[in-house]
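Model, not experiment: these values are computed from the prediction. Just so you know, ligand 1 is whichever comes first in the structure, and atom 1 is the first atom listed for that ligand. All residue numbers in this chain count up from 1 along the given sequence.
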Amino acid sequence: MFNSGTVVKVLIPNVVNTGYDYRLTGDADLGQFVRVSVMNRPYIGVVFGFGDSGLPPDKIKNVAEIYPSKLSADDLLWIQKMSAWTLMTPGAVLRLIINVPDAFLPPKIEPLYNFNFAATGKMTDARQMVMDAYSANDNTAMTITDLRNIARVSHAVINTMIKRGLLTLCDNRIIESNEFNYIYHDTGNVILNDEQSGAARVIGDAIDVGGFSVHLLDGITGSGKTQVYFDSVLRAYNAGKSVLLMMPEIALTAQFMTRFQKRFGAPPVVWHSNLTAARRREIWRGVLNKKIRIVVGTRSALFLPWQDLGLIVIDEEHDTSYKQEDMGNYHARDMAILRAKIAGFPIVLASATPSLETLNNVDLGKYKILKLTSRFGGAQMPIISTLDMRENRPTDYKLPNDDTSHHGNLSPALCDAIADTLNAKQQVMLFINRRGFAPITQCKKCGWVAMCPECSVGMTYHKRLNKLLCHMCGRTMELPKKCPECGGEVSQFGVGLERIEQEVSARFPNARTALVSSDTIMTRQTLERLVAKMENGEIDIVIGTQILAKGHHFPNLTLVGVVDADMGLYGTDFRAGEHTFQQLFQVAGRAGRGKFPGRVLLQTYQPDNPVLTAICKCDRDSFIKNDMESRRSAKMPPFGQLIAVIVEGEKEQTLKSFCETLAASAPKLNGGKIMGPIAAQIYQIRNWYRMRFLIAGDANAKLQPVVSHWLSTVRTPANIRIKIDVNPQNFM
Ligand code: ADP
Ligand code: ZN
Ligand code: ZN
């Protein structure tokens, strides 16, 4: 406790901040939320310790307001440790926590609009996006700011919708409802089988006993991991604790919500990036005052102001979406484990394809493993086999009313399997992890390739848009009719989703198909409509990217065809094999989850590749063993550590000379080395040039302090940005 009049350090949510001194005007605890003014702007901050600036007393301003709530001492320690690990400033970490700007202010008076579902008229893209924004928020009224942020439509579009009566004014202020007063209990609708209840018991005991422990819930796809961790969530909740359930954004489906409600008797409070400002504030405050004790959310839910957190569950723990990469680099799984360790409570990681980092911690005895080895209800794992494309050459095909022959990408064997499945009135999924029609647009005569003018990547042709699209920055361009260099003929090379859709429509003209990628699925609501159509049997063949690989349970889906199983095998980073394995294994896991057995066909030119043979045998362990060994000998994570330093500059020359300065001042490392600078694989993004350093060290080397000291010795010029990425997942 700090008494009134004490000079304290207040940490504010700002990337450059490590705390400023203020004088208390009342008593406050460590971690207490306070309002202070910095350069005449109000900030919510937290009391972070005694003041230490040494400023004369008359230069020290008073704290403007002391709020009744606070972060715990554990939370403050977590902020410090997270900052030391990620090399984000403590202020940058606090900004992740205080990310609801007016959390402590009375609601602003702003007009609120409802969506007029009764209105008739054309369904435009904008209208669809606005509708989706409403359903992402259970149709609560929205401000214009909300609509712009969530539906991403312009003010002009909103005004037109108001004029046409599609949006109706309902109130002039934001009303904070009490709709999150859910009470949960075990409805008893689910009875765990032996294997499931064995796993649930171990976690339940850990919750009862308390203290830090990590449990890997390692169950094959369809084994019922969800019901096991639901059991744990209830256990902690009934003990009066708060519980966080983290999952990737695309797994937050209606299917999941329904299951939750069935088991808990009330719907979950959901946290994601598309909530209205009022909802964010309401959930944030609800968590702070413990009115809300269970939240299901994406990685940012970890930063809610949790009180008395007693359990974190991380579903699909291997998922790359837990790594945040733009506003500070952190791995939500690792930071969650850090939080559990500091506060002393159990954490559950669930996956059918755990990361090597996690499996290594199991080997080291740091994490406990709980296995679910069979599919619930006796469903069998699908039969997985390769199709050797050297012997199974796709035939050409023609489109209706057009005499041109097109090269096929679906082999005769795969086409036969599709036909059989359709005849049996079952569903097919074709997986290809590339958006658009074709990745390369090239001149046949001089070799010119369509490149993004601002990024050093090729532009992908999207047939639906009939445009070239840069997957890096989103810029679009018209497809040139002729080569801009020599006037020669341009054509598209390579295979994307839309090219497969074209082939499917030619070969199976009567099948009802659907495309699923981030181009067609802008929101979770669109995905939900698709999931519903799949469940209702309104789709025969679904063609999709990895969005489809996770979480969904389609009982009538019995055939999965992987169009190009070789695509991910030769990625340039050391996790390429692991990621390909995880992705293909997850996709394969979609087949045959109901009454009917499933099969999976992998089209490949290298059927003997160890990643593919391991998948065919469902032999995860031998794949992991091999991959672990090669990482061990290369001293790659988890057997070594990496930190990437990415330096970006508007001017190539300034960037190069700054990198030379950095290189010249690079320290010698004990148990490690600093490599670079090299030009990044994607040398230019949005016109900024990019160079990279990579710091590699032994598993137990303390790299962070060295890197942080190194970078602090050099003055960063204007127009240069430095990003530090501890344990990078992305090497581009
Ligand atoms: P996983 O997450 O391991 O892939 P799910 O949790 O999706 O598996 O379970 C697969 C299916 O089996 C789901 O439809 C789920 O509701 C059902 N299921 C699993 N365990 C049980 C149980 N004990 N009682 C009833 N249904 C269950
Ligand atoms: Zn040309
Ligand atoms: Zn671009």
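Side-chain atoms of Arg333 come within 3.5 Å of backbone N or O of Glu317 as a donor-acceptor pair.
Residue Ile220 places a heavy atom under 4.0 Å from ligand 1. For Ser223, the heavy-atom gap to ligand 1 drops under 4.0 angstrom.
Neither the backbone nor the side chain of Arg375 has any atom closer than 4.0 Å to an atom of ligand 1 (non-hydrogen atoms only).
Atoms of ligand 1 found under 4.0 Å from any heavy atom of Ile191, numbered from 1 in the order shown, are 22 (C), 23 (N), 24 (N). Taking every heavy atom of Thr221 and a limit of under 4.0 angstrom, the matching atoms of ligand 1 come to 4 (O). Of all atoms in ligand 1, listed by their number and element, those nearer than 4.0 Å to a heavy atom of Val190 are 22 (C), 23 (N), 24 (N).
Angle SG(Cys446) to the Zn ion (ligand 2) to SG(Cys483), rounded to 10°: 110°. For Cys473 atom SG and Cys470 atom SG, the angle they make at the Zn ion (ligand 3) is roughly 110°, to 10 degrees.
Salt bridge Glu489/Lys482: absent, no basic N to carboxylate O contact under 4.0 Å. Classification of Arg201 and Asp208 as a salt-bridged pair fails, no side-chain N sitting under 4.0 Å from a carboxylate O.
Polar contact with ligand 1: absent for Gly219 (N/O pair, distance under 3.5 Å).
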Next item on the list: For Tyr367 and Ser213, run side chain to side chain contact (heavy atoms under 4.5 Å, CB included): C-alpha distance rounded to whole Å, both residues' side-chain angles, the deciding distance at 0.1 Å, then the answer.
Entry: CA-CA 7 Å; Tyr367 299 176; Ser213 54; over 6 Å; no

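Geometric assessment of Arg293 against the ring of Tyr237 yields a positive cation-pi assignment under the 6.0 Å and 45° thresholds.
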